[in-house]
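Here's the structure, in structure tokens; my notes come after.
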Amino acid sequence: MALIFAVCLLTAGQWARAQSVPQEIPRVSAENLGEGLSLRGQWRFRPGDDVNWADPALEDKHWQTLRVPERWPMSGYPEYGHMGWYRLTLGVDPALHGTRLLEEVAVKMGKVLSAYELYAGGELIGSVGRLPPLNEVDYDRERVFSIPQSAVAADGRLVLALRVWGGEAELVEAWGAGAISGSYVLGYHRDLLIDAVLAEVPGLILAVLTFFFGCYHLYLYWRNRSLETFFWFGLMACNIAIYGVMLTQWKYATDLTFLTMKKIEFGAVYLFPAVAIQMIWSLLRLPIKRWLRAYQLTFVLAALLVVAIPGHTVHYLTLEWWQLLCLPSMVLAPWVLFRETRAGNAEARTVLLGTLIFVCTALNDMLIDLVPLESPRLAPLGFLAVLVSMMVSLANRFTTMYTALETEVAERTAELSEANRQLARVARVDHLTGLLNRRGFTEEAEGEIRRTFRSGKPFCVVLADVDNFKQFNDQYGHVCGDHVLKRTAALLQDRLREVDRVARWGGEEFILLLPETDTEGAAVVAEKLREAVEQNLVAFDDQRLSITMTFGIAAFRKGESLDACIARADTALYHGKENGRNKVMIGNYKGLSLVN
């Protein structure tokens with residue numbers, strides 16, 4: 001698929017080139033200057049070097065023709081020191097002569113390998129880099145040069161002469177030379193400058209946004225070191241952003257030398273495959289095997305070498321080898337992503353599309369370097385596709401993590417609520433008998449007091465104590481005592497209404513809450529309980545033990561506290577114990593009443 005797409009790009013580039021090459025360059029007029037007159041097409045060309053070839057009166061019909069932009073033959077012209085001249089003759093409309101419009105005419109020059117001087121009417125109007133013997137290359141810069149009125153001859157002829165140095169032999173043999181790419185336009189100086197700036201704005205915005213995205217993900221990793229994928233994505237985004245700036249003309253706004261800028265550019269792009277592999281494998285949660293780690297380290301080493309070795313020669317000699325080294329990764333990464341996609345990995349499906357787009361754009365850019373292909377470099381679009389797909393994938397992962405975290409929090413909250421309920425129950429329930437404890441009973445009684453004040457209906461409190469309980473512990477042991485308490489608790493609980501409450505008040509003492517019950521009713525209930533306890537024999541260790549209980553009753557009086565009511569019931573219980581046990585005693589205003 002990638003190969004087919006690359007062939008389509010090649011065909012489209014060739015078609016676009018053919019469409020953009022005019023058969024004849026029209027005369028310079030106010031109309032086409034306003035629109036921008038393309039200078040792409042056939043120029044006169046001659047290898048060698050003679051400053052007199054800038055003379056507009058020079059006859060150049062016998063020179064060969066060479067299309068602009070187009071690379072020189074890969075071998076260059078070593079016999080001439082890789083020097084050559086281009087000439088283009090234009091006819092200026094007589095209506096422009098003597099007007100202010102002619103003062104505003106300028107020419108925009110694209111990229112030229114590796115340095116040049118531009119002449120108009122025999123006058124030097126600008127240069128990029130330095131020609132021999134200074135030999136300073138600068139093959140990325142696009143410039144706009146003003147053309148003086150004096151450059152236009154009296155007969156209206158305007159001769160542009162481009163003196164080019166192809167560069168060092170290693171560069172020419174590797175990349176070719178000459179006017180290689182970009183736009184070559186004649187127009188008004190102000191319009192050309194604005195167009196040049198506007199053309200570079202998208203690249204700058206993309207690089208800045210990419211850099212901030214990278215820094216943001218690095219910040220997320222710094223806050224949470226478990227987000228390893230975010231670290232590699234942030235590093236990759238910053239790497240792409242740096243490379244993206246180096247592809248624009250904005251890099252010339254810095255004080256860096258051209259050599260330093262190329263070191264940064266090559267270092268960034270050489271390092272990219274190693275970071276991309278780490279990012280993809282981390283995203284897919286796949287282990288990196290030793291052979292793949294060695295493959296990664298090869299790119300890291302190449303990036304270090306290209307930055308550390310002085311001069312440009314290392315760039316020319318290593319680029320083709322680096323491109324060949326990248327080819328396995330362009331097959332490996334899509335294959336792994338495709339395999340993981342088939343296995344149901346949603347993140348792999350997202351990244352696969354971006355990776356395929358990047359592979360296609362990378363092949364396009366490789367063809368630009370390997371064959372004479374006049375096509376725009378599409379690597380920034382490929383990088384953008386990778387970034388977008390990675391961002392979507394990481395967003396999906398973050399959403400999944402967030403959803404899982406919410407689910408876990410909900411589960412833990414439910415568990416905590418249940419634990420709190422259990423703790424609350426434990427705090428209210430006696431662990432031995434399973435009845436309410438003192439705290440639980442008090443809460444229930446306080447609620448009944450509030451209902452009594454609202455409804456006016458009475459309730460009674462009954463204190464009950466197991467008679468001679470100590471003898472069970474002394475004669476049969478504490479296990480027997482506990483067994484007696486549990487059986488007694490179950491007996492009391494089973495013979496009360498659902499609205500009644502029974503609790504273990506302490507030791508062998510129990511307390512009952514009888515809502516909507518007066519003294520007489522409470523006495524009836526207590527007497528039935530006393531009889532039931534007396535008639536029920538408790539089995540323990542092949543023995544049947546007889547137990548009795550004494551009950552003290554107190555009706556709640558409005559205005560008194562719960563403690564006061566319980567104290568009256570306790571007094572009645574005490575008098576029941578004093579009067580022989582196994583009795584029900586009622587406390588009232590005048591004293592105590594004996595039921596049994």
Side-chain angles (χ1 to χ4, degrees), residues 417-466 482-538 547-558 560-566 568-570 572-573 576 582-587 595-596:
S417 298
E418 180 61 26
N420 287 334
R421 284 193 294 270
Q422 294 292 339
L423 288 174
R425 182 178 178 277
V426 169
R428 288 168 46 89
V429 175
D430 176 61
H431 70 282
L432 177 63
T433 63
L435 301 177
L436 293 174
N437 59 17
R438 184 182 290 259
R439 175 181 176 180
F441 179 84
T442 302
E443 291 175 355
E444 293 288 333
E446 293 291 349
E448 188 61 31
I449 290 173
R450 290 191 292 271
R451 282 191 292 271
T452 296
F453 275 99
R454 291 195 301 270
S455 64
K457 296 180 180 180
F459 74 89
C460 288
V461 172
V462 180
L463 271 175
D465 187 84
V466 178
D482 291 345
H483 181 66
V484 168
L485 290 175
K486 286 189 286 186
R487 289 293 299 131
T488 303
L491 189 66
L492 296 175
Q493 183 76 57
D494 291 342
R495 283 164 175 74
L496 291 175
R497 301 172 299 174
E498 289 186 5
V499 297
D500 298 333
R501 296 290 181 267
V502 59
R504 185 183 180 193
W505 195 242
E508 67 275 13
E509 198 171 34
F510 296 87
I511 189 167
L512 286 70
L513 176 68
L514 307 178
E516 300 182 12
T517 305
D518 56 14
T519 304
E520 289 74 13
V524 172
V525 172
E527 178 61 20
K528 289 182 178 180
L529 292 175
R530 186 196 65 77
E531 292 177 354
V533 171
E534 184 180 25
Q535 295 170 4
N536 185 73
L537 298 178
V538 177
I547 61 174
T548 60
M549 295 187 74
T550 301
F551 295 81
I553 301 172
F556 179 77
R557 303 168 185 167
K558 287 187 177 181
E560 74 173 342
S561 66
L562 176 63
D563 289 340
C565 181
I566 295 174
R568 289 192 292 108
D570 187 56
L573 173 65
N582 194 24
K583 299 181 183 301
V584 175
M585 300 293 291
I586 301 174
V595 174
N596 182 22

List the steps, then state whether side chain to side chain contact (heavy atoms under 4.5 Å, CB included) holds for R438 with W505.
CA-CA 5 Å; R438 184 182 290 259; W505 195 242; 3.2 Å; yes
Do T488 and E508 make a side-chain contact, defined as non-hydrogen atoms from C-beta onward lying under 4.5 Å apart?
no
Trace of the salt bridge (charged side-chain N to carboxylate O under 4.0 Å, His left out) decision for K528 with E531
CA-CA 5 Å; K528 289 182 178 180; E531 292 177 354; over 6 Å; no
Could you walk me through whether V462 and V502 pass side chain to side chain contact (heavy atoms under 4.5 Å, CB included), step by step?
CA-CA 9 Å; V462 180; V502 59; over 6 Å; no
Should the pair F556 and F459 be assigned to parallel (<30°), tilted (30 to 60°) or perpendicular (>60°) ring geometry?
parallel
Sub-4.5 Å side-chain heavy-atom contact between I547 and V538
yes
Measuring from atom CD of Q535 to atom CZ of R530, what distance do you get when rounded to the nearest 0.5 angstrom?
8.5 Å
Starting at CD of E534, measure out to CG of N582 and round the result to the nearest 0.5 Å.
4.5 Å
What's the spacing between L492 CG and R504 CZ if we round to 0.5 Å?
12.5 Å
Compare all side-chain heavy atoms of L512 with those of L529 and state whether any distance is below 4.5 angstrom.
yes
Residues, nucleotides or ligands: over 12 heavy atoms within 6.0 Å of R439 CZ
no
Shortest non-hydrogen contact from M549 toward A464:
CE-CB, 3.5 Å
In this structure, which one of D465, L485, L463 forms a side chain to side chain contact (heavy atoms under 4.5 Å, CB included) with F510?
L485
So which heavy atom on A554 is nearest to which on A569, and how close?
CB-N, 3.5 Å
Is the shortest side-chain N to carboxylate O distance from E418 to R421 below 4.0 Å?
yes
Which atom pair, heavy atoms only, marks the closest approach of E444 to R428?
OE2-NH2, 3.0 Å
The reported gap from OG1 in T433 to NE2 in H431 (rounded to nearest 0.5 angstrom) is 8.5 Å
Quick check for you: to the nearest 0.5 Å, what is the distance between E527 atom CD and K583 atom NZ?
10.5 Å
Compare all side-chain heavy atoms of E516 with those of V499 and state whether any distance is below 4.5 angstrom.
no
Spacing of OG1 belonging to T442 relative to CD1 belonging to I566, to within rounding of 0.5 Å
6.0 Å
R495 and A532: which non-hydrogen atoms are nearest, and at how many Å?
NE-CB, 3.4 Å
If only atom types and distance count, is the side chain of T517 paired as donor or acceptor with the main-chain N or O of P515 below 3.5 Å?
yes
The side chain to side chain contact (heavy atoms under 4.5 Å, CB included) partner of I553 among V584, L573, L514 is V584
Side-chain touch E560/R568, heavy atoms, less than 4.5 angstrom:
yes
Please find the pair of heavy atoms, one from R501 and one from F441, that lie closest to each other, and give the distance.
O-CE1, 4.5 Å
So which atom in A503 and which in L435 form the shortest heavy-atom distance, rounded to 0.1 Å?
CA-CB, 4.1 Å
